[in-house]
Each structure stands twice: as C-alpha cells, then as structure tokens.
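Shown next, in structure tokens, is the structure this report addresses.
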There are 2 protein chains.
Amino acid sequence: MGISKELIIQTSIAILNKSGIENLTMRTLAKELDIKAASLYWHIKNKQDLLDLLAEEICAPITMENRLRDTEKAIFSFCQMYRESLLKVRNAVQVLMESAPNTPHRLELIQHGLKLIRTWGVSDANCYAAMNMINNYVLAFVDDEARFSRLGVEELTTVVRHMGMEFSDFDKQFRYGISVLLAGFCAVQ
Amino acid sequence: MGISKELIIQTSIAILNKSGIENLTMRTLAKELDIKAASLYWHIKNKQDLLDLLAEEICAPITMENRLRDTEKAIFSFCQMYRESLLKVRNAVQVLMESAPNTPHRLELIQHGLKLIRTWGVSDANCYAAMNMINNYVLAFVDDEARFSRLGVEELTTVVRHMGMEFSDFDKQFRYGISVLLAGFCAVQ
DNA sequence: ACCTGAACACCGTTCAAGT
DNA sequence: ACCTGAACACCGTTCAAGT
C-alpha cells in the first residue's frame, strides 16, 4: 500500500499530537512516511494545502443534527461539539487559524451556525458578526484550555494564585461565555 | 549614533508596516539597520524578545484615563483605543498573539480592564473570563478589519455578495460586538 | 505513476575572532 | 562595547533524473 492523501492526513495528526505544530514540517512528515520531503509534493500541492486538509479533518466530527427543537440547547451542543473536536487534536486551533474556511464541510458548518443564530433571533444584518463572535470565542477558549492542560502543576498554581481563578471546571467556564453571547444577542438589536 | 533598543523597535515597526510580519526577520531587520544579523543579539536576547518589545510598543498608546464616570462609556472608549492602537501597526494582532502579556504596560492594561469590568457589575468569579472575552473580541475584530482593508476591490465585492454584509461602517460593527458582550455580562450572573 | 538527490533561497542562533 | 564571518541546524519548494 502506497502513500495516500488519507495516510498523509492521519500521519500529520499523529505528529501534531505527539510533537505539536512546530514539529510538523514537510521533512518530519516525510520521514514518518518513509519517503523524502520532495515526494510529498506528488500527493499534495504544498504545506498550505496540507493545513487545509487538516483543518477539514479536524472539523469532520462536528455533525449538524437538527433533532433539538430548543434553539438554545442546539447552539450549546453545537459549540460543545466544536470544542470537543478541537480538543481531540493538539494545536487544532492554530491549524484552523492558518487555513481559510473554504473547504466544503467548514462552509456547511458556517451555514448551519448561521441558521441557528437566525433562529435564535439575530437579525440578518447582525448574524455574520454574531457567528464570528461565537466562532472566535470557541477558538480562543479552546486555545486557552489546551494551553492550561499542558502546564505543569507548579505553573498552574502560580496562575491560579495570580488570577484568583478556579478553572477546575472548564465546562462551566465554557458555558458561561456562550450564555453571555446568547443573552447579548437577544438584548442588542 | 549607534544601535539602540528603541531604534530596533522603530525599525521593526517600519518593516511591519511596509512588508508585513512574514518579512520581519532578524536578517531583514539587520539589513535595514546596516548591520549583520548576528549583531542584533548584542542588543536583544532573541526574536521572541523582539516580539515582546514590539507588543509593548504597540500597546503603549493605550491610556487609562479615569475621567469617565459612565462605566459603559469608559469601556467603549477603552476598547476603541485598543482597536486604534492595533490598527496603527500592520500585523499588530499577530505580534500580540505571539507574545505573552507579561510586560509592565500590558499587565497594567489587564488590571485596568478588570477594574472596569468589575465596576460594570461582573462578579469576581467571572471577571477574568469576561476580560478574556473582550480582549479576544477586539483582537479578532481588528484582525478581520485589517485583512478586509488589504483586500482588493474585486475580492471585497465577492465577499460582500457572499455574506450579504455591509461593512461600510466598521465602527458600527465594532460597537455592536462590545454591546453584545456588555449586555451579556449583565444578563448572566 | 511515484520517488529521489541535489539544489535554491531562505530561517534563527551561536561563537570565536576582530576593532 | 560592539560588530562580523562563518558555521550549524533547520525551513519550504523545485526539478531533472531515476524506476
């Protein structure tokens, strides 16, 4: 069995999880695949192309079930899925931020998010801004969450002392932000 | 007159504004200063040190005047100053994001922001999360704003058509987001 | 169709050596 | 005190050449 795009993606994600994005290079990727860096260019256009593929792969687990009649619950569960998908791959946030959401699945997700926000009562004029706010909130939150989870115990206690913050429950903090945004959307028209 | 830290900072910002962050390298910076890259290490520790200095310089124009009795107005004007400071330097957002807010002025800004948010009525338990939300909102907004302002006319009309969005008035959009956050903070306790 | 060697044009950083 | 030459260990990418 030879090198396939799928294998390249899975190997890249393995490298991300093991060594982080700063060690995902065309050379390390090639080495892991037992080929030379130059050979990668037969399968993918360039590194940006690889990042786009990874972004799409990272977002793949996010589904768009429409079973929830309660719009608020639907938005919460959508954001929660988004968050969980990002947490599954180390540096997922950086990968998404280095690639434009032009890929099919990510475009679908945006459409779905917009629909939810419209249903929540945000006007046409504001729904793109609202969508951006939610998207940026989730990305920034997960970025922090992932960074915290990689801190040593001593740094953690330093941070806690300095900020006087309990972050034992990331879930609660996450829901707080979403609640703020949803309440804010309702209040401002 | 020799090379000073201040000259290095100003030259770096000139390079940012002319060529963007991807062209701010130790080599281009040295060339602009008429020295060799190795010489830079006499004046600054490394590139991360440079980015920290730049982040502090970018945030320098943000003042913390306390003259406004109206908390809402104070927060709006604080965010507006933040935004304007970021817009003055190309890729300012990326610079801030690549450096931790450990420098004196940035720490002061955080303290001031927290105070405003507390005054606005956010609880101790939530004020760090709220502060993060505002900070991330401004950064993401300016990142978009700066990106849009660098788009050509043809891409702009494409985006407008696709999103059905008017972005003639960035100010209005910016204030919308801040309003959402402030209203949300009040509504969720 | 798929892979490689070798090169090109870059990075950040170090360090002995110069003045 | 300040600067440089030269090197080291990297990057992404291209392309003629191999099979």
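Chain letters run A, B, ... following the sequence lines, proteins first, then strands; residues in each count from 1. All heavy atoms count here, side chains included; hydrogens, waters and symmetry mates do not. Not measured: the values here are computed from a predicted model.
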Requested in this report: Rounded off to whole Å, could you give me the NZ-to-P distance for the A:K5 and C:dC2 pair?
Outcome: 12 Å
Report task. Please round to the nearest 0.5 Å and tell me the distance separating atom CE of A:M81 and atom CG of A:L109. Result -> 8.0 Å
Query raised in the report: Just by distance, with hydrogens left out, do B:S99 and B:R106 show a side-chain donor and acceptor under 3.5 Å apart?
Result: yes
Query - C:dA9 and D:dA9, which share atom name P, separated by this distance in whole Å - result: 22 Å
Pick out the pairs of N or O atoms, protein on one side and nucleotides 10-12 of chain C on the other, that lie under 3.5 Å.
residue: C:dC11; atom: OP1; partner: B:T25; partner atom: OG1; Å: 3.4
residue: C:dC11; atom: N4; partner: B:R27; partner atom: NH2; Å: 3.3
residue: C:dG12; atom: OP1; partner: B:K47; partner atom: NZ; Å: 2.9
residue: C:dG12; atom: OP2; partner: B:M26; partner atom: N; Å: 3.0
residue: C:dG12; atom: N7; partner: B:R27; partner atom: NH1; Å: 2.4
residue: C:dG12; atom: O6; partner: B:R27; partner atom: NH2; Å: 3.1

Query - Main-chain N/O of B:V122 paired with B:N126 side-chain donor or acceptor, under 3.5 Å - result: no
Query raised in the report: Is the backbone N or O of A:T63 less than 3.5 Å from a side-chain atom of A:H112, with the two atoms forming a donor-acceptor pair by type?
Result: no
**Report entry** Shortest side-chain distance from A:A37, nucleotide among C:dC3, D:dT13, D:dC3
**Finding:** D:dT13
Requested in this report: Please state how far atom CD1 in B:I35 lies from atom P in C:dT19, giving the value in whole angstrom units.
Outcome: 19 Å
Report task. Examine distances only and state if a side-chain atom of A:N23 and a backbone atom of A:S19 form a donor-acceptor pair shorter than 3.5 Å. Result -> yes
Query raised in the report: Once you round it to whole Å, what is the distance between P of D:dC2 and CG of B:L40?
Result: 14 Å
Report task. Can you tell me the distance, in whole Å, between the CG atom of A:D34 and the P atom of C:dC2? Result -> 17 Å
Query raised in the report: Taking the six-membered ring for Trp, are A:F170 and A:F148 parallel (under 30°), tilted (30 to 60°) or perpendicular (over 60°)?
Result: tilted
Query raised in the report: Side-chain donor-acceptor pair under 3.5 Å between A:Q173 and A:D169, yes or no?
Result: no
Requested in this report: Let me know, please, whether B:K45 or A:G2 comes out on the 5' side of the other along DNA chain C by nearest nucleotide.
Outcome: A:G2
Query raised in the report: For DNA chain C, what are the stems built from at least three Watson-Crick or G-U pairs in a row, each pair having both distances below 3.5 Å?
Result: C:4-8 with D:12-16, C:12-16 with D:4-8
Query raised in the report: Can you find a side chain N or O atom of A:W42 that sits less than 4.0 Å from OP1 or OP2 on C:dC3?
Result: no
Report task. Ignoring backbone atoms, establish whether A:S39 has a side-chain N or O less than 4.0 Å from OP1 or OP2 of C:dT4. Result -> yes
Requested in this report: Could you label the plane-to-plane angle of the B:Y176 and A:F185 rings as parallel, tilted or perpendicular, counting under 30° as parallel and over 60° as perpendicular?
Outcome: parallel
Query - Flag side-chain contact, heavy atom, 4.5 Å: B:T28 against B:T25 - result: yes
Requested in this report: Taking only the side-chain nitrogens and oxygens of A:H43, find out if one of them lies under 4.0 Å from OP1 or OP2 of C:dC3.
Outcome: yes
Requested in this report: Identify, between A:A38 and B:A38, the residue whose nearest nucleotide on DNA chain C lies closer to the 5' end.
Outcome: A:A38
